[in-house]
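Below is one structure; the comments refer to it alone.
Just so we're clear, the structure is a prediction, and the values are computed from it rather than from any experiment. Reminder, nothing fancy here: chain letters follow the sequence lines and each chain counts from 1.
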Amino acid sequence: MWVFCQAPPTIQQSHFPLRTRPPSRLHSHTRHPTSSTLRPSTTDTNHQIQSLCKKGHLQQAIKALTQEPKPTQHTYELLIFSCTIANSLSDAIKVNHRLIHDGFDQDPFLATKLINMYMELGSIQYVRQVFDGISNRTIYVWNAFFQALTLSGHGMDVFDLICCMNSDGIKPDRFTYTYLLKACVASETSVSLLPKGKEIHAHVLRHGFEPNVHVMTTLVDMYARFGCVLEASYVFSEMPTRNVVSWSAMIACYAKNGRPFDALQLFGEMLLEVDDLTPNSVTMVSVLQGCAALGAIQQGKLLHGYILRRGLDSVLPVIASLVTLYARCGDLEMGRRVFDHMVKRDVVSWNAMISGYGMHGFGKKAIEVYTAMLCNKIAPSPISFVSVLGACSHSGLVDEGRRLFESITKDHSMRPTVEHYACMVDLLGRANRLDEAAKIIQDMRIEPGPKVWGALLGSCRIHGNVELAERASKRLFELEPTNAGNYVLLAEIYAEAQLWDEVQRVKKLLEAQELQKKSGCSWIEVKRKIYSFASVDEFNPHIEQLHAFLIKLSMEMKDQGYRPETKVVMYEVTEEEKERILLGHSEKLAVAFGLINSSRGETIRITKNLRLCEDCHSVTKFVSKFANREILVRDVNRIHHFKDGVCSCGDYW
DNA sequence: CTAGGGTTAG
């Protein structure tokens with residue numbers, strides 16, 4: 001078990017001159033022969049244009065350009081830079097025309113600059129025009145073009161072009177490889193480009209780029225984005241040299257691919273590294289994510305302290321992650337406090353706060369924060385709407401949600417995405433307005449994806465609607481045949497309706513594809529250590545004690561009116577057997593463990609990987625009353641706050 | 001001219 005280690009010293013040595021080399025010239029590659037280095041005395045107008053550019057007076061610079069018969073390469077370099085800063089495509093085109101007129105169109109240095117400029121200005125057509133227009137293509141020109149294609153989502157084109165580059169006799173360099181790898185993950189194709197990525201990986205090794213940290217880190221990141229944790233960790237472990245970025249990439253890989261524990265563990269290893277490796281804000285964001293996923297609030301508070309000591313507490317992404325950490329760990333007040341202390345807030349930090357309130361079931365509060373954001377003149381992002389609609393959904397605020405959904409188009413002139421539709425279906429479905437939810441899908445102007453149908457199926461599960469569930473699952477089985485969750489949901493719906501033949505049929509579908517139901521798992525943090533419990537777990541060292549505890553508890557509760565919700569058990573077995581299965585649910589084990597291993601008055605915080613089942617929910621309500629304990633359970637959807645026999649979700653989840 | 005990061009999610 002990873003225990004947090006001592007933070008490295010905060011103060012860094014800085015006796016040495018920070019710059020060991022004099023500032024180099026911008027680029028070492030071919031400059032135009034007319035460049036100022038070869039022709040020291042250039043005209044006054046050239047000087048004038050250059051200084052106007054440096055002062056940011058682009059319009060005047062362009063005006064002066066018309067009066068200069070022989071602008072130099074350097075003059076054009078500065079003009080191009082100015083157009084980028086001014087974000088003016090029309091001026092860029094003007095300058096470009098004049099540049100061609102002056103015979104610089106075959107200058108690879110300026111072509112590279114032009115490509116970068118048009119990329120910044122978001123015009124891939126002009127990028128292509130520049131590239132097509134130049135025959136003297138240096139590796140810089142190729143790389144700039146690849147970068148532009150990759151960043152604009154045209155990564156696929158890169159793979160065709162690499163052949164042309166080869167036949168031009170130009171060899172890919174370390175920069176080319178990073179762009180190629182990025183193109184694999186950045187391309188929007190229906191088929192995965194993972195095989196392509198592996199192919200490039202082989203090239204990288206064969207051509208001796210293994211010592212290059214940038215290339216190798218990009219490889220780690222590529223595998224991470226394809227969800228190939230094993231491959232990523234292999235590349236990482238084989239890297240001859242690693243720096244903060246490589247470590248951060250690997251930690252992020254774990255955090256993003258459902259391996260939060262490994263993320264924290266790797267962070268611990270990073271702190272122990274002897275080299276002067278100091279985690280930075282980017283590292284901390286991923287570590288905080290890991291902590292939030294684990295619900296490890298004690299570890300999280302240590303990290304918060306570390307962040308304060310390191311002075312990283314003014315970095316926006318770090319604060320947003322802290323807000324989320326506290327919210328997801330159940331300490332909404334602390335999240336709010338962090339949020340309130342922010343000097344400047346961007347849309348992401350507002351979103352974090354909105355969703356924080358949402359997952360705790362404070363829908364009205366979430367809408368309040370959303371409104372406050374608008375008052376602060378922060379434009380909502382698509383995620384703002386997902387957050388606030390999700391909040392409405394958890395609190396059953398149907399009308400408010402409807403209004404917000406309409407405001408997406410009406411007030412913010414944005415188009416609702418599938419995610420937004422999924423939120424609406426969830427909102428209506430949960431509120432048992434299944435027909436309206438189905439109608440939303442019917443009237444959708446975009447293709448309802450798996451998220452939308454999934455939201456409908458989930459609602460059918462809550463309200464036991466077999467007929468609609470069959471319709472939704474039929475579509476889902478087509479759209480994502482290998483998602484076990486969909487089969488399980490349908491089976492649960494059949495089981496609740498006592499349609500055992502159908503349950504068997506769905507289970508067979510699952511087995512035929514060798515898919516498995518995700519097994520339930522709950523965990524709890526005690527003295528900075530995580531203890532996890534699985535639903536069928538005879539190897540757990542505490543299991544006998546916990547079972548005895550639960551059996552006793554269940555008898556006491558039965559005297560007080562508790563009736564096991566045996567309908568949630570998906571097996572056709574006796575009532576007695578069902579009760580036994582229910583008592584073995586991971587969440588109850590975690591609650592029992594928490595009660596045994598914490599002191600009175602201490603809040604018990606549990607995290608679960610699936611949705612809370614009805615029986616666990618009602619048992620936890622009982623326990624909160626009889627043991628007089630506050631219990632927080634975070635399931636996949638939201639946070640349940642149990643106190644005095646009631647849950648904050650109002651039995652609506 | 002290069003690499004890693006925040007908010008949402010049935």
Side-chain angles (χ1 to χ4, degrees), chain A residues 26-27 29 109 112-113 115-116 119 138-148 150 173-179 181-182 212-222 224-225 242-253 255-256 280-289 292 315-325 327 346-356 358-359 380-391 393 417-423 425-426 429-430 449-461 472 476 480 483 485-486 489 611 636-637:
Chain A
L26 278 168
H27 294 293
H29 73 287
F109 176 82
T112 307
K113 295 283 164 198
I115 289 173
N116 287 330
M119 175 188 75
T138 61
I139 186 71
Y140 290 87
V141 175
W142 282 100
N143 284 343
F145 190 45
F146 288 160
Q147 185 190 36
T150 303
D173 67 359
R174 59 215 160 108
F175 295 93
T176 321
Y177 280 113
T178 60
Y179 297 134
L181 289 168
K182 269 189 162 310
N212 186 279
V213 195
H214 284 103
V215 174
M216 295 316 268
T217 304
T218 317
L219 259 174
V220 170
D221 186 57
M222 178 205 73
R225 284 172 204 266
R242 306 184 199 112
N243 59 20
V244 200
V245 182
S246 343
W247 282 84
S248 305
M250 193 60 226
I251 292 171
C253 171
K256 285 227 176 86
N280 59 21
S281 63
V282 182
T283 325
M284 295 320 292
V285 165
S286 290
V287 183
L288 288 173
Q289 268 183 342
V315 184
L316 278 177
V318 173
I319 314 176
S321 308
L322 276 172
V323 171
T324 303
L325 167 86
D346 63 353
V347 66
V348 179
S349 26
W350 284 97
N351 290 349
M353 201 61 241
I354 294 167
S355 62
M359 72 176 92
S381 71
I383 291 179
S384 311
F385 294 113
V386 176
S387 305
V388 73
L389 288 175
S393 178
T417 65
V418 254
E419 280 82 8
H420 299 131
Y421 279 106
C423 286
V425 170
D426 185 66
R430 258 179 224 280
K451 284 179 188 164
V452 176
W453 290 110
L456 187 64
L457 185 61
S459 301
C460 292
R461 159 77 182 79
L476 277 168
E480 35 178 36
N483 185 337
N486 296 329
L489 270 176
R611 179 184 181 267
V636 269
N637 295 322

Within this structure, what is the [atom1]-to-[atom2] distance between [X] and [N], rounded to whole angstrom?
X	N	atom1	atom2	value
A:I115	B:dC1	CD1	P	14 Å
A:N212	B:dG4	CG	P	13 Å
A:Y140	B:dT2	OH	C1'	12 Å
A:M119	B:dT2	CE	C1'	12 Å
A:N143	B:dA3	CG	P	12 Å
A:N280	B:dA3	CG	P	15 Å

Output all residues satisfying side-chain hydrogen bond (donor to acceptor under 3.5 Å, both in side chains) with A:S393, sequence neighbours left out; order by chain, then residue number. A:D426, A:R430

Has the side chain of A:N243 got a donor or acceptor that lies under 3.5 Å from a partner of the other kind on the base of B:dA3? yes

Tell me whether A:F175 and B:dC1 count as stacked here, given that the ring centres must be under 5.5 Å apart and the planes must differ by less than 30 degrees. yes

Closest to the side chain of A:N116, out of B:dG4, B:dC1, B:dA3, is B:dC1

Nucleotide of B:dC1, B:dT2, B:dG4 approaching A:K182 most closely (side-chain heavy atoms): B:dG4

Check salt bridge (Lys or Arg N to Asp or Glu O under 4.0 Å) between [X] and all other residues, then give those that pass, not counting sequence neighbours.
X	result
A:K451	A:E419
A:R225	A:D221
A:R611	A:E614

A:T283 to A:V244 - nearest heavy-atom pair and separation: OG1-CG1, 3.8 Å

5' to 3', nucleotides 5-10 of chain B under a 4.0 Å protein heavy-atom cut-off (B base, S sugar-phosphate only, - none) gives BBBS-B

My understanding is that only residues two or more places apart in sequence, or in another chain, count here; which of them pass ring-ring contact (aromatic ring centres under 6.0 Å, His included) with A:W142? A:F131, A:F146

